[in-house]
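Let me begin by presenting the structure, written as structure tokens, before commenting on it.
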2 protein chains.
Amino acid sequence: MAAPRTARERARAELTRDIKDVALRQIAGSGAAGLSLRGISRELGMVSSAIYRYFPSRDDLLTAMLIDFYSELADALWAAQDTIAAEATRTSAGFRRRWVTVCTAMRDWALAHPHQFTLLYGTPVPGYRAPVDTTVPAERVMTAFSGIVDEAARAGLFTSVRALPDGESGLVGQLTAAGSLLGEQIPPEVLARTVAGLAQVIGMITLELGGHFVGGFEPADALFEHAATRLAETIER
Amino acid sequence: MAAPRTARERARAELTRDIKDVALRQIAGSGAAGLSLRGISRELGMVSSAIYRYFPSRDDLLTAMLIDFYSELADALWAAQDTIAAEATRTSAGFRRRWVTVCTAMRDWALAHPHQFTLLYGTPVPGYRAPVDTTVPAERVMTAFSGIVDEAARAGLFTSVRALPDGESGLVGQLTAAGSLLGEQIPPEVLARTVAGLAQVIGMITLELGGHFVGGFEPADALFEHAATRLAETIER
DNA sequence: CGAGAAGCGAGAGCGGCGCTCTCGTCTGGA
DNA sequence: TCCAGACGAGAGCGCCGCTCTCGCTTCTCG
């Protein structure tokens, strides 16, 4: 993103921002499926075809939003961690507290931005396939979790972990390969639990947002916190 | 569903079936968002407005499909259990094996019917809210999991479970209330783990279907089976 | 500084969608 | 046998994503 020099470039950058702003409001209001280029252009007082000068297709606009949302979520998770970063994560209690904090931060963000969350982790939009540009911010979300585990591993918290049997499944290979991207110190068996744990967090939020808890576990605050706490224990031993 | 007597009734029942069949193909092919009443009518050689004699809106057709899919998934889960039903679930090993079997059956069904699965557990369709008719078959899916746990509880497998502290959160109350619908024998703390476990299974399948594992854990067979196995252990103690 | 290139918005138009309403026809029960 | 109700056809409403052409403006480069 070079600084806009000419008036044309400045106008273009501004309009691009405006389009994304309106798109954000549309998604926050009625979901990604309600995102309409015609609606945006109407709100911006321009003709629908003009939008295509800025985003060649609806999916490109969606991709831009996707990147924004991943980044926003990742920021929220890292910010939540920082509130207790002063406390070292060298102890078991510290690790657990930090893990639960990040899990809760994810749920809070999801409840505050349900449509954004479902766009990230819900049903992929029909013909849409997320381009590689989105994987970088998406990984920042993942590392918000794995970072905690990595730090705890460096502190030597996972000594009594039963080693994974390295069968012909290639699981250990997958895990060590993935682990080298996230932090060398995470033992494969611990990384497996971390991924499963993240899946559980996303699953519970998805179920809650999808209304699968109504009439049973609504509000799900207590259930969620309980599950996150147990998750931390599970990861650890 | 009374048996059709007149020719009119027979024709109506048949056409209703045909519409659902075509709708199923459309969803299986391009997802729920690609479901189009016009497309169905075209394939059926009739004019689009005629469809509305049978389903008053697109959402009503979606509801009918939803009920079918929940039932289909529940059937698959129960069928998978039945293959090892001869073996009693009185032992710890039996319980774990049965749990993993049902988890795997769910993943298998989801991989074979990705669009159906995402319709059930993915992003809710925009303005659509599932009517109560869908909760009955949806609960059959839940009970496919909780039934195993209930049986294990009856066999006295969960004796050494640390009791949940009954704080002011009301979690124990929620769990006992929900438990009374699923099987009186499940201790609240075990039910909490069961729900969290189901959330993890759904979460991992969602991530896999959403392509969040590509480049890291694809294929996810080994990771999934490992997670399901650990889940069974976690539920038990 | 002036001409050509490139960027831009407006407008018309394509085919698609869900859904509504009207109209003639057919069917089945009283 | 007759008539109410169910039915399919067709036209139409407003929405959508996307394309193409046409003039106007802005920038760049000789």
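What you see is a predicted model; the values in this text were computed from it and never measured. Quick note: numbers below take in every heavy atom, side chains included, and nothing from hydrogens, waters or symmetry partners. To find a chain, count down the sequence lines: A is the first, B the second, and so on, and within it residues start at 1.
- Between A:S36 and D:dC15 there is no side-chain polar atom (N or O) within less than 4.0 angstrom of OP1 or OP2.
- Two residues are said to be in side-chain contact when any heavy atoms from C-beta on lie closer than 4.5 Å; B:V195 and B:M142 meet this criterion.
- Residue A:L35 is in sugar-phosphate contact alone, with no base atom involved, counting any heavy-atom pair closer than 4.0 Å across all strands shown.
- Atoms CZ (A:R58) and C1' (D:dC16) sit 9 Å apart, rounded to a whole Å.
- As judged by a 4.0 angstrom heavy-atom cut-off over every strand, B:Y54 is placed among residues touching the sugar-phosphate backbone only.
- Between B:L15 atom CG and D:dA6 atom C1' there is a gap of 13 Å when expressed in whole angstrom units.
- Panel note: side chain B:S48, backbone B:S41; no donor-acceptor pair is recorded below 3.5 Å.
- Position along DNA chain C of the nearest nucleotide to B:Y52 versus A:G45 favours A:G45 as the more 5'-ward residue.
- A nucleotide of DNA chain C counts as in contact with chain A when one of its atoms lies under 4.0 Å from a heavy atom; the first and last such, 5' to 3', are C:dA6 to C:dG13.
- Counting any heavy atom pair closer than 4.0 Å across all strands shown, A:A7 reaches sugar-phosphate atoms only and no base atom.
- Taking the side chain of B:R8 as heavy atoms from C-beta on, and the options D:dG17, D:dC27, D:dC7, the nearest nucleotide is D:dC7.
- If A:P56 and A:G39 are placed on DNA chain D by their nearest nucleotide, the residue sitting closer to the 5' end is A:G39.
- In terms of heavy-atom proximity, B:I67 sits nearest to B:T134 at CG1-CG2, 3.8 Å.
- In this structure, CZ of B:R12 is placed 9 Å from P of D:dA6, rounded to the nearest angstrom.
- Of the candidates D:dT26, D:dA9, D:dC16, the closest approach to any side-chain atom of B:M46 belongs to D:dA9.
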